[in-house]
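One structure is given below, encoded as structure tokens.
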Amino acid sequence: MLDIKLIREQPDTVKRGLATRNVDTAVIDEVLKLDANWRELKAQEETQQAALNKANKAFGPWMGARKKDPKAPAPAELTQLLGAAPTDPDAAKAALGKLGEQRADIATLADKLMAEIEQKLLFVPNLPAAQTPLGKSEDDNVVRKTWGDAPKFAFIPKAHWDLADLGNEIGGRISGSGFPFFRGRLARLERALITFFLDLHTREHGYTECWAPFLVREETLRNSGQLPKFLEEMYRTDARDDLFLIPTAEVPLTSIHADSIIPDEQAPIRYCAFTPCFRREAGAAGKDTRGILRVHQFSKVELMVVTTPEKSEAEHETLTRCAERVLELLEIPYRRLELCTADIGFGAARCYDLEVWAAGVGKWLEASSCSIFTDYQARRAKIRVKDKEKGARLAHTLNGSGLACPRTMIAILENNQTAEGKVRIPKALQPYYGCEWL
RNA sequence: GGAGGGGUGGCAGAGUGGUUGAUCGCGUCGGUUUCGAAAACCGAAAUGCCGGAAACGGCAUCGGGGGUUCGAAUCCCCCCCCCUCCGCCA
């Protein structure tokens with residue numbers, strides 16, 4: 001969520017930023033209007049409340065005094081608030097009750113306005129960082145680096161669906177399209193990849209391994225920004241439980257420190273977790289659907305970091321490097337794309353996509369997305385850091401895939417194939433897979 | 001699923017309708033003392049929102065939401081979480 005104070009103080013900056021993301025900035029003016037209204041009502045409410053509090057505080061002692069002397073005069077606070085000295089406690093009660101109702105009416109209005117403001121802000125994405133390149137569409141993303149060489153073949157390389165049995169028919173029968181069913185070699189390869197990813201990040205990159213729930217509450221998805229905006233993308237259980245299947249481990253990981261304050265010296269806190277990811281892909285029907293290019297359930301090892309605003313920018317690079325390292329060890333050619341303002345994710349301020357080269361389909365495929373959210377998620381999830389001099393302030397969060405299995409698997413299959421249709425397992429993965437050839 | 005017990009400040013733990021933002025202890029920070037430290041003593045210390053240049057003032061917060069009341073940490077209702085026992089089950 002964006003900072004309401006920033007919207008108040010620098011509405012034009014906010015609008016400019018949002019405009020670069022192709023967001024209709026009218027919402028900012030609506031929020032400003034509601035906010036001005038809200039503040040006025042809130043001030044009224046609090047003034048009234050302050051007066052009532054004073055009067056009520058004096059009430060008890062008055063009752064006590066009347067026990068000794070039934071003629072004890074009403075305290076000044078009461079007289080002042082009511083305009084005249086009340087004759088007896090019951091009259092005072094009635095009068096105070098009326099004033100209390102008036103206050104409650106104002107409070108109800110104020111609360112309604114605030115709810116409206118929040119409802120609007122929940123649909124407003126983060127502001128892009130200054131470094132994020134301006135752009136109108138994904139075509140304006142910028143290639144920041146390229147690693148490795150695309151393999152050369154003396155034959156026409158096959159697509160992954162022609163190299164191994166993806167089990168799409170079986171999966172389709174038991175769950176529907178977009179649910180591959182691996183048996184034998186690919187199942188083992190999937191497991192090898194997951195273990196390899198986790199071992200690398202926990203042993204060499206300093207991430208704490210997590211095993212998180214795959215079903216979460218609505219509130220948890222709100223914390224990390226998937227809800228309320230992306231409801232259509234989410235699998236949801238029925239009303240008995242009303243839980244959501246996570247679209248990424250980012251969701252449970254981001255909420256680990258929700259509603260809490262972390263001492264600065266503990267930052268950065270780095271987590272990684274394997275989870276399956278569930279996505280309805282509601283808007284993407286028919287696009288890149290062959291093989292396992294786009295599926296409803298896939299495995300992913302996610303990296304997630306909570307840190308201070310001071311350290312977050314450097315951490316973004318570190319995190320991205322951790323993901324790139326996986327690709328380098330697996331000898332997969334990749335490029336780092338910096339997403340432009342039109343293409344960065346909802347909560348992100350800045351984002352690198354790592355795309356792997358897949359020789360069979362002849363495309364760059366997104367295998368990782370490394371984002372810095374600045375305080376956007378932290379504000380929703382109420383994650384703060386605290387330092388003696390700087391006091392408490394919102395934390396910064398980051399996350400990135402390290403990596404997603406299907407796209408990594410596609411690259412391995414397609415890039416390492418031989419003329420005979422065999423696939424060589426990358427050296428670093430061989431101990432995990434158990435042999436050199438698939 | 002059934003029965004019971006709990007959720008209070010960084011931790012621990014009082015408080016059952018009226019100056020309680022909340023006793024005491026531990027921990028933390030500052031000071032006195034000391035060559036230095038420990039101990040002792042004195043003192044400080046929550047978060048959010050609104051107003052203010054600031055000092056500061058106001059409001060809110062005792063798991064969350066609603067209610068009763070002039071007034072709620074304290075009474076009532078709903079929800080969530082944790083613990084114990086029973087049942088069921090991988």
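Order of the sequence lines fixes the chain letters, A, B, ..., with proteins taken first and strands second; residue numbering starts at 1 for each chain.
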**Report entry** Distance, rounded to the nearest Å, where A:Glu77 contributes CD and B:G71 contributes C1'
**Finding:** 14 Å

**Report entry** Gap between atoms CD and P, on A:Gln44 and B:G51 respectively (whole Å)
**Finding:** 14 Å

Requested in this report: Mind calculating the distance between CG (A:Asn56) and P (B:U69) to the nearest angstrom?
Outcome: 14 Å

Query - Partner of A:Gln377 by side-chain contact (heavy atoms from CB on, under 4.5 Å), out of A:Asn223, A:Asn399, A:Ile383 - result: A:Asn399

Query - Given A:Thr275, A:Thr408, A:Thr248, the one that forms side chain to side chain donor-acceptor pair (under 3.5 Å) with A:Lys300 - result: A:Thr248

Query - Sugar-phosphate only, base, or nothing, as touched by A:Ala50 at under 4.0 Å among non-hydrogen atoms - result: sugar-phosphate

Query raised in the report: Hey, is NZ on A:Lys54 packed in by over 12 heavy atoms from elsewhere, all under 6.0 Å?
Result: no

**Report entry** Of A:Ile332, A:Val356, A:Ile292, the residue whose pairing with A:Ile410 passes side-chain contact (heavy atoms from CB on, under 4.5 Å)
**Finding:** A:Ile292

Query raised in the report: With sugar-phosphate meaning primed atoms plus P, OP1 and OP2, does A:Asp90 contact a base, only sugar-phosphate, or nothing at under 4.0 Å between heavy atoms?
Result: nothing

Requested in this report: Using the six-membered ring wherever Trp is involved, compare the ring planes of A:Phe274 and A:Trp211 and label them parallel, tilted or perpendicular (cut-offs 30° and 60°).
Outcome: tilted

Query raised in the report: When you compare B:C89 with B:G15, how far apart are their P atoms, in angstrom units rounded to a whole number?
Result: 43 Å

Sub-3.5 Å pairs of nitrogen or oxygen atoms, protein against nucleotides 47-49 of chain B:
residue	atom	partner	partner atom	Å
B:U47	OP1	A:Lys386	NZ	3.3
B:U47	O3'	A:Arg384	NH1	2.7
B:U47	O2'	A:Arg384	NH1	2.9

Report summary line: To the nearest angstrom, the NZ-P distance between A:Lys93 and B:G18 comes to 13 Å

Requested in this report: Sticking with atom C1', work out how far B:U23 lies from B:C76, rounded to a whole angstrom.
Outcome: 28 Å

Query raised in the report: So which one's nearest nucleotide on RNA chain B is more toward 5', A:Asp35 or A:Lys54?
Result: A:Asp35

Query raised in the report: Can you tell me how far P in B:C83 sits from the matching atom in B:U8, rounded to whole Å?
Result: 14 Å

Query raised in the report: Between B:A12 and B:C24, how far is it from one C1' atom to the other, in whole Å?
Result: 11 Å

Report task. Write down the distance between CZ (A:Arg39) and P (B:A60), rounded to a whole number of angstrom. Result -> 20 Å

Query raised in the report: Between A:Asp259 (CG) and B:C81 (P), how many Å, whole number?
Result: 15 Å

**Report entry** Phosphate OP1/OP2 of B:C80 contacted by A:Arg217 side-chain N/O (<4.0 Å)
**Finding:** no

Query raised in the report: Over how many whole Å does the gap from A:Glu101 atom CD to B:G67 atom P extend?
Result: 12 Å

Requested in this report: Rounded to whole angstrom, note down the P distance from B:C88 over to B:G2.
Outcome: 15 Å

Report task. Check the distance between B:G21's C1' and A:Asn53's CG and give it to me in whole angstrom. Result -> 13 Å

Report task. Would you indicate, yes or no, if B:A60 has its OP1 or OP2 atom less than 4.0 angstrom from a side-chain nitrogen or oxygen of A:Gln49? Result -> yes

Query raised in the report: If you measure from the P atom in B:G9 to the same atom in B:A73, how many Å do you get, rounded?
Result: 15 Å

**Report entry** Gap in Å between the two C1' atoms, one belonging to B:U20 and one to B:C79, rounded
**Finding:** 27 Å

Query raised in the report: Any chance the rings of A:Tyr271 and A:Tyr207 have centres within less than 6.0 Å?
Result: no

Report summary line: Partner of A:Leu227 under side-chain contact (heavy atoms from CB on, under 4.5 Å), picked from A:Thr220, A:Val251, A:Leu221, is A:Leu221

**Report entry** Over 12 foreign heavy atoms within 6.0 Å of CZ, A:Arg183
**Finding:** no

Query raised in the report: What stems involve RNA chain B, if each pair must be Watson-Crick or G-U and both of its distances must be under 3.5 Å, with 3 or more such pairs in a row?
Result: B:1-7 with B:80-86, B:28-32 with B:40-44, B:46-51 with B:56-61, B:63-67 with B:75-79

Report task. In whole angstrom, give me the gap between the P atoms of B:C70 and B:A14. Result -> 33 Å

Query raised in the report: Where does the angle between the aromatic ring planes of A:His201 and A:His205 fall among parallel (under 30°), tilted (30 to 60°) and perpendicular (over 60°)?
Result: tilted

Query raised in the report: Taking the six-membered ring for Trp, are A:Tyr352 and A:His316 parallel (under 30°), tilted (30 to 60°) or perpendicular (over 60°)?
Result: parallel

Requested in this report: Assess whether salt bridge (Lys or Arg N to Asp or Glu O under 4.0 Å) is satisfied between A:Arg39 and A:Asp35, documenting all intermediate values.
Outcome: CA-CA 6 Å; A:Arg39 279 190 292 168; A:Asp35 179 60; 3.4 Å; yes

Query raised in the report: Closer to the 5' end of RNA chain B via nearest nucleotide, is it A:Asp111 or A:Ala92?
Result: A:Asp111

